[in-house]
Participant: 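Sharing a structure with you now.
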There are 2 protein chains.
Amino acid sequence: MTQTRTTQTRTKLERGRSALGPALTLVHTGSAPTRAVLTTELGVTRATAGAVAAELQVLGLIRVDTRPTVVAGSQGRPSHRLDINPDGPVVLAAQVHADGFRAALVGLGGRIVATRAGCMTVAADPADVLGVVVAAGAELLKTTGRRCLGAGLAVPSAVAEPEGTALNPLHLAWPAGVPVSQVFAERILAHGITNPDGVPVASFVGNDVNLTALAEHRHGAGRGARHLLVVATGHSGVGGALVLDGRLHTGSSGLALEVGHLTVNSEGRPCHCGERGCLDVEVDPLAFLQAAGREPGPEVSLLHQSAALLREEYADPTVRAAAEALIDRLGLGLARLVNVLNPDRIVLGGLHCHLLDADPERLSAVVADRSLWGRSGSVPIVGCTLDHNTLVGAAELAWQPVLDDPLSALAA
Amino acid sequence: MTQTRTTQTRTKLERGRSALGPALTLVHTGSAPTRAVLTTELGVTRATAGAVAAELQVLGLIRVDTRPTVVAGSQGRPSHRLDINPDGPVVLAAQVHADGFRAALVGLGGRIVATRAGCMTVAADPADVLGVVVAAGAELLKTTGRRCLGAGLAVPSAVAEPEGTALNPLHLAWPAGVPVSQVFAERILAHGITNPDGVPVASFVGNDVNLTALAEHRHGAGRGARHLLVVATGHSGVGGALVLDGRLHTGSSGLALEVGHLTVNSEGRPCHCGERGCLDVEVDPLAFLQAAGREPGPEVSLLHQSAALLREEYADPTVRAAAEALIDRLGLGLARLVNVLNPDRIVLGGLHCHLLDADPERLSAVVADRSLWGRSGSVPIVGCTLDHNTLVGAAELAWQPVLDDPLSALAA
DNA sequence: CTCACTTTGTGCCAAGTCGAAACAAAATAG
DNA sequence: CTATTTTGTTTCGACTTGGCACAAAGTGAG
């Protein structure tokens, strides 16, 4: 099969192999719009950059927009835009939480192609839950007819590496140590989510807040940060995550930045962990609603109610006082983390994001005041900017092998 | 000069260029004793590994021990040992603290070739202090006649990257923001510490505890750890450091893990930072001596007195009670860090190391008890094992460019 | 001691990859 | 329309590496 090719039959496709992954990563993160930018960012010659772009196009991952670009004020031959192929392959991303699940097909660049949500009111067996989730994903794949390159799942629990077991899936009422990764892979096998050769796609599982952080770092409010701290309240208490030089720091056993039990109020309410005044119970939608004197209604989630209250009734002194108390406690927790980690940006999600919107100056002031070094205290604090960031983060997990080595990942 | 060589004149030296750095790093950390190991560790062919070894030998960095090795029980042709050349180039390493300084010449593998210490009783101008330090280093270089490839300096202060300014050199009574890196480079220029072409060697400055951590990670008690937390009391309060995947995490402005002001005793003594019960004042040689009812003598350092007391009089109930109080507070601080960072090993230095020696079980138990997740609480805690680890760490800084690219670093 | 076997080290060749340079293309500036 | 700037492509040569054959240096069985 491998015919001996003579020298003159070589094509430009035979260069740029080692730069393929970095180049795709640049396109994926939206920071490589043209071949010229590829040349400078990768530090290669124009010839190599051109070959890389051609190869990525042949692989069906990107398109080259040959239309004349209307860029004013620039001399020289205009560069063609490198766009993500909107009809290219996707990965399956999924998220499970206490109330239900969501599945999506996500393309390069974190673009959500199709999504479907579902409810699960009662805690069920992990295999059943993930079976429903993967079935929804399989349905999406069937409907859209997309090629699937991998699958990623976000769970509200620390996930041990590399075993892929959920260490504390309290909010799903699953037993600690459930082999989520294995169960997920089995459901994918069972639903026949495979590459064209019939091999089941690679699957990955991660903690939801970690994946949120990954998504915000690559496509959202965390872009460009070298040391990014993310703290979010979601459906499952307070979680933290740290992205260092573009890579998630999950700790040696996946338990890094489980920040829900930082003490932020020594006279606070008792927490199930045995201490008092943990971030988890002090900065909480339910606690906020009660402190603001509102009765939590059953119709929508507590998070939505809290957000609405912050947005619409911040002028109310009771609401404002309750919010400020939360901001002060959140700020203390963030300051503690800043003292240890010295991040260059903080991204907040969930309730924290709405607290930030309500009074951005106060939160920054508290963090600066309670952190030791003025310089590390002046950390920019911003809110999430990405829709479905946890899903996008789960997709990042599945895209990673493709970004690392597009040729191998697509050959399979 | 660059004569056009024909194909048949190529020698084996023209391969293995890209693997040169990784190979030298393996030899440096002591984990590549033979060419055969190089082959497997680097994932290259034997031909390439052989060429790499030959190149490193030509560069004068390693020696190949051709004596027959007496290894019992192994079949096949014995592999020759790759040893660090004991007469090879060195780097200049230096450390300054409140009481004085130490300068050393350090070879590959963290081997101290020569060392000299000095005292400085009064706080002096940074340029004067570093002038004395560099003069001592220049003297060592002159005496030994070694080639110097770089210089590293450890200071008891956070160091901002990449400016190289000391952010909080309180223990040296220097003003905050001193451009230590620049002053150090100027002294090196002034003393004519250059490569053979007369160019001053590259110089680097780092925080002392960070450098201790780097040294212990590469050559001491931290070898093999993926997420290493180091906490040490030195001449300058409590400091922490984190090595992640072999790389130091200093934070975005060099202030990460400045852990001296973690609160570990809410009713503790006041600290100059304005809070009470900081690790810095609670786990302190002076505090320990006073709690043990001893009068600190002026003759030796408080650290030595404390160590002697722990070693020799631990049976004394007063000493023991004081030590246990310190262990409990140190354990609480470590547990807080474990909850956030989830390291897979903790290395302790200075007084902490002696506390660990005095009662290892108690410290581990406290950390496990006060950390949230049993699994992340069972972190192995060990003491430092390296002599002059801070100096060795400063040398690591200077060796790094050579390890990254031996050809470029030695060509200059 | 000899022979088979195992493992290590080296020389040679083919293949792959990349940079340099020349050339072509597509815009703007004058 | 022409000069200039910038981008994209082709060709060539240089460098690096893996594969393979062969040599070298030991162990172990008989």
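Below, chains carry the letters A, B, ... as their sequence lines are ordered, and counting in each starts from 1.
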Participant: Please check this pair: side chain of B:Asn195 against backbone of B:Val201, looking for a donor-acceptor N/O pair closer than 3.5 Å.
Facilitator: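 Flag not set: sc B:Asn195 to bb B:Val201 has no pair under 3.5 Å.
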Participant: Describe the nucleic acid contact of B:Thr39 in one word from base, sugar-phosphate, nothing, applying a heavy-atom distance below 4.0 Å.
Facilitator: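 Touches nothing.
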Participant: Out of C:dA21, D:dG18, C:dT17, which nucleotide sits closest to the side chain of B:Val44?
Facilitator: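 Out of C:dA21, D:dG18, C:dT17, the nucleotide with an atom closest to B:Val44's side chain is D:dG18.
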Participant: Rounded to whole angstroms, how far apart are CG on A:Leu38 and P on D:dT6?
Facilitator: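 Computing the A:Leu38:CG to D:dT6:P distance gives 19 Å.
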Participant: Looking only at side-chain N and O atoms, does A:Thr48 come under 4.0 Å of OP1 or OP2 in C:dG19?
Facilitator: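 For A:Thr48, the contact criterion (side-chain N or O under 4.0 Å from OP1 or OP2 of C:dG19) is met.
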Participant: Below 4.0 angstrom from OP1 or OP2 of D:dT17, is there any side-chain N or O of B:Ser18?
Facilitator: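 B:Ser18 to D:dT17 OP1/OP2: side-chain N or O found under 4.0 Å.
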Participant: Under a 4.0 Å N-O cut-off, is there an ion pair linking B:Asp245 with A:Arg247?
Facilitator: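 Yes, B:Asp245 and A:Arg247 are salt-bridged.
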Participant: Measure from CZ on A:Arg17 to P on D:dG18 and round the result to the nearest Å.
Facilitator: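 It works out to 16 Å between those atoms.
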Participant: Identify, with sequence neighbours excluded, every residue that meets side chain to side chain donor-acceptor pair (under 3.5 Å) alongside B:Thr29.
Facilitator: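 If we apply the side chain to side chain donor-acceptor pair (under 3.5 Å) test to B:Thr29, skipping adjacent residues, the hits are B:Ser31.
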Participant: State plainly whether the residues B:Glu55 and B:Arg15 are in salt-bridge range, i.e. N to O under 4.0 Å.
Facilitator: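 Judged by the 4.0 Å cut-off on N to carboxylate O distance, B:Glu55 and B:Arg15 do not form a salt bridge.
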Participant: Can you tell me how far P of D:dT17 sits from CZ of A:Arg15, to the nearest Å?
Facilitator: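 One finds 18 Å between P of D:dT17 and CZ of A:Arg15, rounded.
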Participant: Across nucleotides 2-8 of chain C, 5' to 3', mark each nucleotide with B, S or - according to how protein heavy atoms within less than 4.0 Å reach it.
Facilitator: ----BBB
Participant: A:Leu407 CG to C:dG16 C1': how many Å, rounded?
Facilitator: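 It works out to 13 Å between those atoms.
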Participant: Would you confirm whether B:His28, through its side chain, and B:Gly109, through its main-chain N or O, come within 3.5 Å as a donor-acceptor pair?
Facilitator: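 Yes, B:His28 side chain to B:Gly109 backbone: donor-acceptor pair under 3.5 Å.
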Participant: In whole angstroms, how far is the C1' atom of D:dT16 from the CG atom of B:Leu42?
Facilitator: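 In whole Å, D:dT16 C1' and B:Leu42 CG are 15 Å from each other.
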Participant: Do B:Asn389 side-chain atoms and B:Glu216 backbone N/O form a donor-acceptor pair below 3.5 Å?
Facilitator: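 Answer holds: no.
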Participant: Figure out the CG/P separation between B:Leu20 and D:dT16, and round it to whole Å.
Facilitator: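 Taking atom P of D:dT16 as the reference, CG of B:Leu20 is at 11 Å.
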